[in-house]
Amino acid sequence: MTKQTDIKNNEWSVEDSTTLYGISDWSGGYFSISDAGEILVHAPVENDETKEISLMEIVDGLEQRGLQMPVLLRLENLIDERIKVINTAFANAIKVANYKGEYRGAFPIKVNQQNHVVSEIVRFGKKYHHGLEVGSKAELLIALSIISDKESNIICNGYKDAEFIELGLQAQLLGYNCFFVIETPEELPLIIEQSNKMNIEPMIGARVKLSTEVEGHWSKDSGERSLFGLSASQLVEILDELKNTNLLHRFKLLHFHLGSQIPNIRNIRAGILEACRYYIALHKEGAPLGYIDIGGGLAVDYDGTRSTEGHSRNYNIHEYCADIVEAIQESFDQHEIPHPTIISESGRAAVAHTSVLLFNILDVNKFESKNMEINFPEDTPEPVLNLFEVAQNITPKRIQECYNDIMHYRNQSQELFIRGEINLRMRAAVENLYLLGLNKISETLPSLKKVPPELENLQESLSDIYYGNFSIFQSLPDAWAIEQVFPVMPIHRLNEKPTRDAVIADITCDGDGRLDNFVTSEGYSKTIPLHSFDKNKEYYIGVFLVGAYQETLGDLHNLFGDTNIASIRINSDHSFDIVHEFEGDSISDVLSYVEYEPQTLIKIFRQKAESAVKDGIITVAQRQKMLGLFNDSLMGYTYFEK
Ligand SMILES: *Cc1c(COP(=O)(O)O)cnc(C)c1O
């Protein structure tokens with residue numbers, strides 16, 4: 001932990017920042033720190049080259065174009081790169097193992113539904129026949145309109161009504177591979193009915209519920225009580241129904257999904273082996289199959305620890321692919337069944353790295369004593385004088401005793417204020433002495449062999465609060481809802497020593513609207529080292545790896561809406577293009593989401609202003625000014641504007 005000293009330390013280097021924030025552990029090689037102390041994006045460009053560009057340069061470019069903070073920055077080069085990485089990793093594993101089947105990816109739209117993201121995945125992924133996984137009618141409509149490659153697959157999961165099924169069959173009529181993955185036994189009769197009506201034979205898959213359970217934060221999708229998938233007896237029902245309706249030859253795909261962010265490769269291997277047993281058994285029953293769909297689960301190393309603890313994983317993508325390919329190969333070779341096409345539905349691993357949330361710091365609240373001149377009058381009560389004494393004389397040997405005394409005299413002094421026996425200025429002096437004493441105690445803690453348990457959280461409780469121009473509820477919903485950890489760090493000044501310990505609060509008026517769990521080189525910390533804040537200079541923070549699941553789960557707490565979004569592509573000549581710009585919600589937008597009609601609001605306010613003119617309270621010119629401001633605010637950004 002850094003000391004709260006504000007002294008600029010010239011001994012600091014960018015290497016120190018690299019270590020402190022653990023950037024090389026979690027960045028996947030896509031981010032680093034430049035000699036100038038700014039974060040660089042490493043963007044793959046044409047011809048296997050990589051170009052670096054500073055995030056500060058991008059921020060400048062966005063601000064010059066009037067795109068204000070907070071901004072969600074999407075790096076299009078990284079979208080392409082991730083799709084390439086997944087496909088080449090499977091291709092390599094297949095080649096090395098001499099596996100006889102192919103790999104086909106399918107991006108699950110729910111992980112990031114934004115048009116630009118899905119379109120870019122499909123456009124770039126075409127050469128790998130990377131398809132889409134859909135879980136609803138709305139997502140199927142996206143897939144049907146965006147996919148053009150007939151060799152890419154569309155995998156339909158989720159509950160399907162007649163319309164959903166009809167849409168899928170239409171797609172098949174157009175020549176697309178559209179699989180219906182059966183999640184509940186009730187779906188099959190509907191599928192059969194629709195396909196009879198349309199005279200098209202459906203491509204059928206089944207999702208099995210594996211007994212393999214996984215560890216980690218998102219483990220509820222696995223095991224017998226998971227919400228989705230067929231039990232063994234339900235699978236038998238499906239099998240018999242398909243036999244009875246002469247559709248067994250259309251049973252093409254076996255699907256399972258153990259949950260997202262699976263930290264331990266052992267669970268993945270166990271799941272694959274169990275699924276292979278199902279596949280082999282179905283094959284023996286006469287189902288041709290040919291596709292095994294292993295779902296999602298490929299984890300992202302958010303904290304850079306490469307472990308099964310926290311928000312990480314104990315494997316890399318190459319081990320993941322090799323394990324899957326080998327497990328399937330071994331199982332199938334024993335039974336002399338042809339190797340199936342492997343489908344995976346990686347979402348998180350495909351897009352997490354591709355977005356960065358950028359925001360500026362608006363203000364800082366410090367919990368330090370001020371340089372106050374205190375003149376104690378004759379009649380100053382004992383507790384206040386005692387507090388003064390203790391705060392001046394903190395000694396490491398009696399640290400717990402000093403702490404107890406400070407708390408005791410502070411409480412007594414507060415009582416005096418409540419009883420009206422000391423005035424406001426004396427109360428302020430008490431607060432100041434209390435902070436002085438605690439900060440002195442906090443400064444001695446690192447030199448102690450053993451920190452008394454009561455004082456363990458002292459540093460945290462004295463840390464600064466940096467107010468960031470963003471809403472955690474809108475932009476980082478998982479950080480709030482499921483305590484997901486994302487890497488956070490300043491994007492500049494990294495050649496300068498960060499001298500403050502801080503938590504970061506957002507601008508919603510909610511005690512939960514804060515980031516207070518950070519990844520550092522020494523593990524998790526409730527505070528993050530930041531640079532001292534100068535009101536006259538912008539200070540920018542980045543939250544990294546936010547491309548998966550964060551964009552549409554966000555809500556409108558305090559009516560902070562969607563942020564501005566900029567998608568950029570970095571070019572071979574180090575320049576960058578803003579390929580897609582999306583202005584965040586205006587205040588008018590968010591008001592209409594909660595059933596206010598902006599036009600009506602204007603009308604009501606205009607009437608109020610008009611009657612004030614009539615009553616002689618304001619002039620006509622004042623009325624005009626008021627209405628102008630009301631209108632401008634409605635059209636404006638929901639965040640703090642410069
Ligand atoms: C959510 C989901 C995925 C995506 O999982 P990731 O761990 O993000 O790759 C894939 N398949 C299904 C069926 C899902 O529900």
Side-chain angles (χ1 to χ4, degrees), residues 28 79 82-83 85-87 89-90 103-114 117-118 121 125 130-136 138-140 143 153-160 164 179-184 187 205-210 214-223 226-230 253-265 267-268 271-272 275 291-302 311-313 315-317 320-321 324 342-355 477-478 482 484 486 545-553:
I79 297 181
R82 295 303 301 167
I83 294 300
V85 164
I86 291 171
N87 280 282
F90 267 107
Y103 169 74
R104 289 283 186 272
F107 176 73
I109 294 181
K110 75 152 194 268
V111 181
N112 191 321
Q113 299 107 328
Q114 304 297 316
V117 174
V118 178
I121 287 172
H130 206 98
L132 294 171
E133 184 266 353
V134 306
S136 66
E139 290 182 356
L140 178 56
N153 298 309
I154 300 173
I155 312 285
C156 302
N157 289 320
Y159 292 99
K160 295 169 268 298
F164 192 144
F179 292 93
F180 295 115
V181 178
I182 297 173
E183 308 237 13
T184 69
E187 280 177 350
R207 175 169 183 169
V208 286
K209 201 181 268 194
L210 300 182
V214 306
E215 304 151 32
H217 268 254
W218 288 266
S219 58
K220 288 193 206 69
D221 284 343
S222 67
S226 69
L227 298 179
F228 304 104
L230 302 164
L253 176 146
L254 183 74
H255 170 88
F256 68 96
H257 172 67
L258 287 173
S260 198
Q261 186 70 9
I262 302 175
N264 195 336
I265 186 111
N267 299 146
I268 294 172
I272 298 278
Y291 294 85
I292 187 163
D293 179 345
I294 63 171
L298 174 54
V300 167
D301 196 359
Y302 289 100
H311 303 265
S312 186
R313 44 152 170 76
Y315 55 93
N316 64 31
I317 190 168
Y320 173 84
C321 296
I324 288 164
I342 301 170
I343 294 178
S344 82
E345 302 169 351
S346 276
R348 188 184 294 279
V351 291
H353 294 84
T354 64
S355 298
D478 282 349
I482 53 174
Q484 149 108 54
F486 295 100
L545 313 191
V546 298
Y549 296 104
Q550 303 313 297
E551 290 190 40
T552 28
L553 289 176

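We count ligands from 1, going down the list as the structure has it; atoms in each ligand are counted the same way. As the structure is a prediction and not an experimental result, all values here were calculated from the model.
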Checklist entry - Given side chains that start at C-beta, do those of Tyr315 and Leu298 come closer than 4.5 Å, heavy atoms only? => result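 Sidechains of Leu298 and Tyr315: in contact.
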Item to check | 4.0 Å heavy-atom contact, Ala349 with ligand 1 | outcome: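 No, Ala349 has no heavy atoms under 4.0 Å from ligand 1.
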Checklist entry - Between Arg348 and ligand 1, which part of the residue brings a heavy atom under 4.0 Å of the ligand: side chain, backbone, both or neither? => result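 Both backbone and side chain of Arg348 come within 4.0 Å of ligand 1.
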Checklist entry - Does the side chain of Ser260 reach to within under 4.5 Å of the side chain of Tyr549, using non-hydrogen atoms? => result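 Yes, side chains in contact.
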Checklist entry - Relative to the heavy atoms of Asn157, which atoms of ligand 1 are at a distance of less than 4.0 Å? => result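 What qualifies from ligand 1 is 13 (C).
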Checklist entry - Would you call the rings of Tyr159 and Phe228 parallel, tilted or perpendicular, where under 30° means parallel and over 60° means perpendicular? => result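 The rings of Tyr159 and Phe228 sit tilted, inter-plane angle from 30° to 60°.
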Item to check | Residue portion contacting ligand 1 (non-hydrogen atoms closer than 4.0 Å) for Ser260 | outcome: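 Both of them.
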Item to check | Whether Tyr549 lies under 4.0 Å from ligand 1, heavy atom | outcome: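 In this structure, Tyr549 qualifies as a contact of ligand 1 - some heavy atom is under 4.0 Å.
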Checklist entry - Can you find an N/O atom of His255 closer than 3.5 Å to an N/O atom of ligand 1? => result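 So ligand 1 has no N or O lying under 3.5 Å from an N or O of His255.
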Checklist entry - Near Gly297, which atoms of ligand 1 are under 4.0 Å from a heavy atom of that residue? => result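 Listed by number with element, the hits are 5 (O), 6 (P), 7 (O), 9 (O).
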Next on the checklist: Just to verify, what does Phe256 make a ring pair (Phe, Tyr, Trp, His ring centres under 6.0 Å) with, not counting sequence neighbours?
Outcome noted: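 If we apply the ring pair (Phe, Tyr, Trp, His ring centres under 6.0 Å) test to Phe256, skipping adjacent residues, there are no hits.
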Checklist entry - Taking both backbone and side-chain atoms of Glu345, is any N or O found less than 3.5 Å from an N or O belonging to ligand 1? => result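 N/O-N/O distance under 3.5 Å: yes.
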Checklist entry - How about Ile155 and Tyr291: do any of their side-chain heavy atoms sit closer than 4.5 Å? => result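 A side-chain contact is absent here, since even the closest heavy-atom pair is not under 4.5 Å.
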Next on the checklist: So if I count the atoms of ligand 1 from 1 in the order they appear, which ones are less than 4.0 Å from some heavy atom of Ser346?
Outcome noted: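 Under 4.0 Å from Ser346, ligand 1 has these atoms: 9 (O).
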Checklist entry - Is Gly347 in polar range of ligand 1, meaning some N or O pair under 3.5 Å apart? => result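 In this structure, Gly347 places an N or O atom under 3.5 Å from an N or O of ligand 1.
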Item to check | All ring pair (Phe, Tyr, Trp, His ring centres under 6.0 Å) counterparts of His255, not counting sequence neighbours | outcome: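 For His255, no residue satisfies ring pair (Phe, Tyr, Trp, His ring centres under 6.0 Å) once neighbours in sequence are set aside.
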Checklist entry - Are Glu551 and Gln113 side-chain neighbours, meaning at least one heavy-atom pair lies under 4.5 Å? => result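 In short, these two side chains do not touch, never coming nearer than 4.5 Å.
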